[in-house]
Amino acid sequence: MTEAQDKKNRILPRHVAVVMDGNGRWANKRHLPRAMGHKAGVNSTRKIVENCVKEKIAALTIFAFSSENWARPKAEVSALMSLFVSTITSEVKKLSKNNVRVQFIGDRKRFSEKLQSKINAAEESTKNNTGLHLYIAANYGGRWDVVNACRLLINDAQHDGRTAEDIDEALFDSYMSLSESPAPDLFIRTGGEQRISNFLIWQLAYSELYFVDVLWPDFSDKDFDEALSWYSGKQRRFGKTGQQVLEEQST
Ligand code: IPE
Ligand code: IPE
Ligand code: MG
């Protein structure tokens, strides 16, 4: 088979989740301030969004700022906040033109009024788009997500009369972030570390995990393409045997 045919026959993920790591090291290597690494990272983010649109992938979740990242030096946190404001402002129109629906996950209450209003406006202006569902994880933590779901569920239970016995995985999941989309099929982390860093701890239960040394600002179209091909070669068994999966595929 030719490379083009191979590509056409690939099985693509419906949902990709990405830890965009390595901006600081990218800047350090160039003797630049870390903030320049974050700025350079925005180009890679734009590219992966465009590639997901092109490949008609249903959902993309990107980790922009973790609940732990507040512990960074003040100047870096404030550079990141300014970058979020300017990036949302400059990108939203084009995203909307590409039929992308933008949604933020995480506790937005800790952000400035200005950033919160940019976030709300971006969500509002893209809410009827039917293409790529882009989730931006900002002040997000997987543990926060679980605790938040518990809080929401208990609040509802006080009104709808549900008891502990009524709670199952599907109901719990409906209170978690990303519940409108299938769980991520493919998780990508750049920057060489092989850890989850409190990203989607519930939703990644059965994702294929792909770690790559490339630093996020260097992550290219080709790097994404390689991740998609790697994913396509995986047999997803969900607890079954390989033989069972093959038999199911042939019927
Ligand atoms: C990821 O890059 C971006 C954010 C956490 C906002 P880093 O800033 O963590 O880059 P490294 O890991 O220091 O290279
Ligand atoms: C995870 O990267 C968070 C984001 C990419 C936004 P970190 O660089 O903060 O992760 P750790 O702290 O090294 O695990
Ligand atoms: Mg890092």
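Predicted model, so just to flag it, every value in this text is computed and none were measured. Numbering of ligands and ligand atoms starts at 1, following listing order. Along the sequence shown, residues carry numbers from 1.
Under the 3.5 Å distance criterion, with hydrogens and angles disregarded, no donor-acceptor pair is assigned to the side chains of Trp144 and Asn139. Using modelled atom types, one finds no donor on one side chain facing an acceptor on the other under 3.5 Å when comparing Arg101 with Thr130.
Of all atoms in ligand 2, numbered sequentially from 1 with element shown, those under 4.0 Å from a heavy atom of Ser197 are 10 (O), 11 (P), 14 (O). Using a 4.0 Å cut-off to heavy atoms of Met20, the atoms of ligand 1 that qualify are 1 (C), 2 (O), 3 (C). For ligand 2, the atoms lying closer than 4.0 Å to a non-hydrogen atom of Phe65 are 6 (C). Every atom of ligand 2 is numbered from 1 in the order shown, and the set under 4.0 Å from a heavy atom of Val19 is 1 (C), 5 (C). Each of the atoms 11 (P), 13 (O), 14 (O) of ligand 2 lies under 4.0 Å from some heavy atom of Arg195. Near Ala64, meaning under 4.0 Å from any of its heavy atoms, are these atoms of ligand 1: 6 (C).
Side-chain contact check for Ile188 versus Val19: every heavy-atom pair is 4.5 Å or farther apart.
Smallest separation of non-hydrogen atoms from Ser177 and Tyr140: OG-CE1, 4.0 Å.
Ranking protein heavy atoms by distance to atom 2 (O) of ligand 2, first place goes to Arg189 NH2, 3.7 Å. Regarding atom 7 (P) of ligand 2, its nearest protein heavy-atom neighbour is Arg72 NH2, 3.8 Å. Annotation: atom 10 (O) of ligand 1 to nearest protein heavy atom, Gly24 N, 2.9 Å. Ranking the protein heavy atoms by distance from atom 13 (O) of ligand 1 puts Arg34 NH2, 2.9 Å first.
Among the candidates Tyr206, Phe211, Trp230, the single residue satisfying the ring-ring contact (aromatic ring centres under 6.0 Å, His included) test with Phe187 is Phe211.
On a distance-only criterion, Trp26 and ligand 1 share no N/O pair closer than 3.5 Å. Some N or O of Asp21 is nearer than 3.5 Å to an N or O of ligand 2, by distance alone.
Here Glu248 does not pair with Arg237 in a salt bridge; the nearest charged N to carboxylate O distance is not below 4.0 Å. Using a cut-off of 4.0 Å between Lys/Arg side-chain N and Asp/Glu carboxylate O, Glu123 and Arg108 are scored as salt-bridged. In this structure, Arg34 pairs ionically with Glu76, as a charged nitrogen and a carboxylate oxygen lie closer than 4.0 Å.
Cation-pi check for Arg30 over Trp26 is met; the charged atom lies under 6.0 angstrom from the ring centroid and within 45 degrees of its normal.
Within a 6.0 Å radius of CD in Glu113, no more than 12 heavy atoms belonging to other residues, nucleotides or ligands are found.
Under the 4.0 angstrom criterion for non-hydrogen atoms, Gly22 is in contact with ligand 1. The closest approach between a heavy atom of Arg25 and any atom of ligand 2 is not below 4.0 Å. Every heavy atom of Glu193 sits 4.0 Å or more from the atoms of ligand 2.
Around the Mg ion (ligand 3), the protein atoms of type N, O or S found under 2.8 Å away are Asp21 OD1, listed by chain and number.
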Give the table of side-chain donor-acceptor pairs shorter than 3.5 Å for residues 147-159, with sequence neighbours excluded, one pair per line with atom names and distance.
| residue | atom | partner | partner atom | Å |
| --- | --- | --- | --- | --- |
| Asp156 | OD2 | Tyr175 | OH | 2.6 |
| His159 | ND1 | Asn155 | O | 3.1 |

Contacts table for residues 48-59: side-chain donor-acceptor under 3.5 angstrom, sequence neighbours left out:
| residue | atom | partner | partner atom | Å |
| --- | --- | --- | --- | --- |
| Glu50 | OE2 | Lys94 | NZ | 2.8 |
| Asn51 | ND2 | Lys47 | O | 3.1 |
| Asn51 | ND2 | Asp221 | OD1 | 3.0 |

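The part of Asn69 lying near ligand 1 is the side chain, judged by heavy-atom distances below 4.0 Å.
The heavy atom nearest to atom 3 (C) of ligand 2, out of those in Phe63, Trp216, Tyr140, Phe199, is found in Phe63.
Scanning for side chain to side chain donor-acceptor pair (under 3.5 Å) contacts around Glu124 gives Lys127, with sequence neighbours left out.
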* Asked: Given the rule in the side-chain hydrogen bond (donor to acceptor under 3.5 Å, both in side chains) test, do Gln203 and Asp173 qualify, once you have shown the distances and angles that lead to the verdict?
  -> CA-CA 9 Å; Gln203 299 87 340; Asp173 187 69; 5.8 Å; no
